[in-house]
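For the numbers below, each heavy atom of this structure counts, side chains included, while hydrogens, waters and symmetry mates do not. Residue numbers start at 1 and run along the sequence shown. Ligands are counted one by one from 1 in listed order, and the atoms in each one are counted from 1 as well.
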Amino acid sequence: MRKLALLALIVTAACSSESGPPLVISDLEITRPMPGASMSAGYFLLENRSAEAITITRVDSPQFGRVEVHETILENDVSKMRRLDALTIPANGSVRLERGGKHLMLMRPADDVSSVELGFFTSEGLVLSTSTRVAER
Ligand SMILES: [Cu+2]
């Protein structure tokens, strides 16, 4: 957290008209689990507005028992998912989580998941928190 605060100071000094959080989320969509399934998927765009790469090492949500970052890969013409230990957003760059690509997998839902809160952590702590309504199908 201390490093991020310092980073924010540097960014502010370098570009005084622009301050604000280093990591910005948009286009956030959490799907409702398919009937009989207990997993939801999350899609969004993460923008890093700082001059240093940001590596997300953990995502959590009070509405789910477990949240993982997955990547869909094609192996011998079979679509598979694998878990990613980290998600790096390059300096002044962005990463999109989308259908058929990297995505968030939300497991073990609570009884009420009509509204979902998400926290994104680096090894140094929380860098972004957000919430959204779950998409109607
Ligand atoms: Cu997945």
Side-chain angles (χ1 to χ4, degrees):
M1 257 351 237
R2 200 177 309 145
K3 193 179 168 194
L4 272 175
L6 184 63
L7 191 64
L9 273 177
I10 292 166
V11 170
T12 306
C15 184
S16 57
S17 63
E18 202 177 341
S19 59
L23 196 60
V24 176
I25 190 165
S26 57
D27 295 347
L28 174 60
E29 181 193 349
I30 306 286
T31 66
R32 199 169 283 276
M34 300 297 279
S38 62
M39 286 189 292
S40 287
Y43 308 107
F44 47 84
L45 178 69
L46 276 181
E47 276 178 88
N48 180 356
R49 296 184 175 172
S50 79
E52 248 181 50
I54 295 175
T55 298
I56 301 299
T57 53
R58 184 166 69 90
V59 183
D60 71 14
S61 168
Q63 287 79 33
F64 290 88
R66 186 164 179 83
V67 182
E68 294 179 355
V69 178
H70 282 186
E71 184 172 38
T72 304
I73 51 166
L74 212 55
E75 211 175 83
N76 300 324
D77 290 333
V78 180
S79 176
K80 290 181 175 176
M81 296 192 297
R82 70 171 180 187
R83 188 171 70 86
L84 300 178
D85 292 327
L87 181 68
T88 297
I89 304 98
N92 297 304
S94 64
V95 170
R96 185 177 284 279
L97 277 73
E98 57 193 346
R99 287 171 174 81
K102 295 189 177 93
H103 57 277
L104 215 58
M105 208 90 246
L106 305 111
M107 290 161 269
R108 304 208 307 266
D111 291 337
D112 179 12
V113 291
S114 54
S115 178
V116 173
E117 295 152 61
L118 291 174
F120 293 80
F121 294 79
T122 66
S123 56
E124 292 172 54
L126 183 71
V127 283
L128 171 70
S129 56
T130 189
S131 66
T132 189
R133 308 288 301 174
V134 168
E136 296 295 336
R137 276 192 288 122

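Partners of Phe120 according to the ring pair (Phe, Tyr, Trp, His ring centres under 6.0 Å) rule, which considers only residues two or more places apart in sequence or in another chain, are Phe44.
Through chains of ILVMFWY side-chain contacts below 4.5 Å, Met107 is grouped with Met39, Met81, Met105.
For the pair Arg58 and Phe121, the cation sits on the ring face: its NZ or CZ lies under 6.0 Å from the ring centre, inside 45° of the axis.
Checked for salt-bridge contact, Arg96 and Asp27 meet the test: a charged N lies under 4.0 Å from a carboxylate O. A salt bridge does not link Glu71 to Lys80: none of the charged side-chain nitrogens sits closer than 4.0 Å to a carboxylate oxygen.
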Atom pairs and distances, donor-acceptor, side-chain atoms in residues 86-94, under 3.5 Å, two or more places apart:
{"from": "Thr88", "atom 1": "OG1", "to": "Thr55", "atom 2": "OG1", "distance (Å)": "2.9"}

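Around the Cu ion (ligand 1), the protein N, O or S atoms closer than 2.8 Å are His70 ND1, Met81 SD, His103 NE2, Met105 SD, listed by chain and residue number.
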